[in-house]
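A quick write-up on the structure given underneath.
In what follows, chains carry the letters A, B, and so on, assigned in the order in which the sequence lines appear, proteins first and then strands, with residues in each chain numbered from 1.
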Amino acid sequence: MQTSQIYGPTLREIPAEAELVSHQFMLRAGLMRKSTAGVYTYLPLGLIVLHKIMAIIREEMTSAQGQEILLPIMQPAELWHETKRWDDYGDEMFKLVDRHKRQFCLGPTHEEVITALVRADVRSYRQLPLRLYQIQNKYRDEIRPRFGVIRGREFIMKDLYSFDIDEQGLHESYQAMFQAYTRIFERCGLSALPVEADSGAIGGDATHEFMVLADSGEADIVYCSACDYAANVERAEFVAPDVHTITNDSANSDCIQELDTPHTTTIDELTSALEISADKLIKTMIYLADKKPIAALIRGDYTLNEVKLQKALDCQELVLADAQTTEQVTSAPVGFAGPVGLSIPIIVDYSVMTMSHGITGANQRDLHLANVTLGRDYQATAIADLREAKSGDPCPHCSEALESARGIEVGQVFKLGTKYSEPLEATFLDENGKKRPMIMGCYGIGVSRTMAAIIEQNHDSDGICWPINVAPYHVIIVPVNYKDEAQKNVADAVYRQFLDAKVAVVLDDRHERPGVKFKDADLIGYPIRITVGPRLLPEKQVEVTIRHNKEQLTIHLDEVLEKVSRLLYG
RNA sequence: CGGGGCGUAGCGCAGCUUGGCUAGCGCGCCUGCCUUGGGAGCAGGAGGCCGGAGGUUCGAAUCCUCUCGCCCCGACCA
């Protein structure tokens, strides 16, 4: 291919809308253009990269006994009603109506359709296990599309669904996918970390997310450098404290004392007014769980994790109560809530179990209570792990201090169990002729997002440094002056030589000044650049530049194909 | 959905507060000359419904109302 023929206009300036480097470079290098918020057109170079990522995925899916199919984007509402997700998925789903007033959605995910497909055709355990996958556009009406292709409303995803006869089979499918994912991201030139995760709206038991560590990532994760524990903070657990410590401590505690705390409503104000540290305080937060008020208690210096609280409460909707509700429930202004005397459910974090001299709100204006003790002064409806993990917290496996990082989620694997096969009645007859629901798993990779993640991890100030496996082309040949007969002849000859050797090569045949061509080559990120110029040509030599480390080699024309091939393919 | 910001040439922006001549600048684009090792130079040129609708006014990019779109922060998510 010749660069003059490639439709991929490069931009000198950074488009105002792009915040992340990956987004900026994808636009500047001419890989894609925006169509509307969260929706993009891929141009030739960008599409080649996508195809390369997909090819890697397909190979690994095939090795893991995956079979490719293509499910519809447009899906009927009835299916989604069967699993109750038509409403549960809510505003995030693009919904549409046909001329007969029938309702449809653009698939945000495909559990329903694929389960419906399999239930129609699979009846016997002899037909299982099945691992079916697709690479398909998905649609989610994101509240706020962001970061270019990383949070789009239309995006490309690979999703595989496994159907097994029992837990053991599911476990094998899960492991097979887990390992395939590890290989896929490695081959894409990414360092991706599998972390324990929360299963969210899709539901299910075990789940891991594959995170590409990047400061620009949206997910907060913690990991242990002493063992292999790693988790999304939504999920990261704390070990429950020893029960014996609790009873002993509370027996020794002093009686409740009232503290005058005029206009002192926040943790910060309390610590300075009372001259104590935040770990002596008990934060009481009033939430509305499915519209009913509940109180959640956690130590003053910790952050409450709403995902954990929602799980502990087993509710659909969880929001922090408004001021009015809080005042009604606690009969005090916001900032003076406490557990003593409350008549709503009280969920207590582990951190509060061992606190015998806790300071809490008194449910009365300008008043707090000291020495508040669980079991004596108030009762817990439930005790749970509600705390959000952060750097320095103990690892739940080995107690070493955790470290924190941010990550871009590029893939996730779920054990779904019978969450979809039961409501959708995807069943089979086992060897005893007994009807059983299939045991399912689902496994996704954000393909378009992976492309952005690769750029986040592989770039410098000049542009993208594509890993070879996903580079749109491997080599670019840049004649310094293509109008110069000698340079043109050599450049053309080297180009032909590489073409014949089946190397993915482009020739910069534009009559541009060299600076322009070098800048574009760096921006687009061809792994190897071969410069044909007047300096070395008399010696029958060319200059070979390695994009990712800027290393330059002088190579004789007779050896250029061989040496470059070795650089590329080892 | 709450908070903030922005829509003026393909891209990046000025002009708007205080209404007034033909709406500007840089980059890109076209033609010619010239130049060729890191986004050159000279000369000429094309390109605008100033996001849209309504209003105020003798007169609106500029003021008012409504609307659409885009971006950022937050709550939600591959």
**Study point:** Qualifying residue, where the test is side chain to side chain contact (heavy atoms under 4.5 Å, CB included) with A/P479 and the options are A/V542, A/L507, A/V490
**Key:** A/L507
Point to revise | Contact residues, residues 285-298 of chain A to RNA chain B [heavy atom, < 4.0 Å] | key: none
Practice item. Return each pair, listed once, that meets salt bridge (Lys or Arg N to Asp or Glu O under 4.0 Å) where at least one residue sits in residues 22-39 of chain A; pairs must be two or more places apart or across chains. Key: A/E17-A/K34
Practice item. Can you run down the side chain to side chain donor-acceptor pair (under 3.5 Å) pairs that involve residues 35-46 of chain A, sequence neighbours left out, and say none if there aren't any? Key: A/H23-A/Y40
Revision key, fill the gap. When both distances are under 3.5 Å in a Watson-Crick or G-U wobble arrangement, the nucleotide paired with B/rA14 is none
Exercise for review: Tell me what A/P9 touches on the nucleic acid: a base, only sugar-phosphate, or nothing, going by heavy atoms under 4.0 Å.
Suggested key: nothing
Review point. With sequence neighbours left out, what residues match A/K95 under salt bridge (charged side-chain N to carboxylate O under 4.0 Å, His left out)?
Key: none
Point to revise | Results of salt bridge (charged side-chain N to carboxylate O under 4.0 Å, His left out) for A/K291 - residues two or more places apart only | key: A/E317
N/O contacts under 3.5 Å, protein versus nucleotides 29-31 of chain B?
none

Point to revise | Given B/rG37, B/rC72, B/rC27, the nucleotide with the shortest approach to the side chain of A/P514 | key: B/rG37
Study note, to complete from the structure: Checking B/rC70, B/rC13, B/rG26 against the side chain of A/E13 (C-beta onward), the nearest is B/rG26
**Study point:** Closest to the A/I143 side chain, choosing from B/rC71, B/rG37, B/rC1
**Key:** B/rC1
Review point. What does A/G533 touch in the nucleic acid at a heavy-atom separation under 4.0 angstrom: a base, only the sugar-phosphate, or nothing?
Key: base
Check your understanding: Mind checking who B/rG20 pairs with, Watson-Crick or G-U wobble, both distances under 3.5 Å?
Key -> B/rC58
Revision key, fill the gap. Minimal heavy-atom distance between A/Q75 and A/W80, with the atoms involved, is OE1-NE1, 2.8 Å
Review point. Among all residues two or more places apart in sequence or in another chain, which pass the salt bridge (charged side-chain N to carboxylate O under 4.0 Å, His left out) test with A/D301?
Key: A/R299
Under 3.5 Å, N/O pairs linking protein and nucleotides 39-42 of chain B:
residue	atom	partner	partner atom	Å
B/rG39	O2'	A/R12	NH1	2.4
B/rG39	O6	A/R28	NH2	3.3
B/rG39	N1	A/D520	OD1	3.2
B/rG39	N2	A/D520	OD1	3.3
B/rA40	N9	A/R513	NE	3.4

Review point. Which of these nucleotides, B/rC77, B/rC71, B/rG38, is closest to any side-chain atom of A/E17?
Key: B/rC71
Review point. A/R529 side chain: which of B/rG38, B/rC73, B/rC1 is closest?
Key: B/rG38
Point to revise | Counterpart residues, side-chain hydrogen bond (donor to acceptor under 3.5 Å, both in side chains), relative to A/Q5 (two or more places apart) | key: none
Check your understanding: B/rU36 pairs with which nucleotide, Watson-Crick or G-U wobble, both distances below 3.5 Å?
Key -> none
Point to revise | Pair A/H474 and A/Y526, ring centroids less than 6.0 Å apart | key: no
Review point. Mind checking who B/rC1 pairs with, Watson-Crick or G-U wobble, both distances under 3.5 Å?
Key: B/rG74
Point to revise | Residues in salt bridge (charged side-chain N to carboxylate O under 4.0 Å, His left out) contact with A/E13, at least two apart in sequence or another chain | key: none
Check your understanding: What parts of residues 152-163 of chain A reach RNA chain B, counting only heavy atoms under 4.0 Å away?
Key -> A/G152, A/F155
Review point. Any side-chain N or O of A/R144 under 4.0 Å from OP1/OP2 of B/rC71?
Key: no
Check your understanding: Of the nucleotides B/rG37, B/rG69, B/rC76, which one has an atom closest to the side chain of A/T36?
Key -> B/rG69
Point to revise | Assigned partner base of B/rU65, Watson-Crick or wobble definition, under 3.5 Å | key: B/rA53
Exercise for review: For RNA chain B, determine which residues of residues 469-486 of chain A have any heavy atom closer than 4.0 angstrom to one of its atoms, and list them numerically.
Suggested key: A/V480, A/N481, A/K483
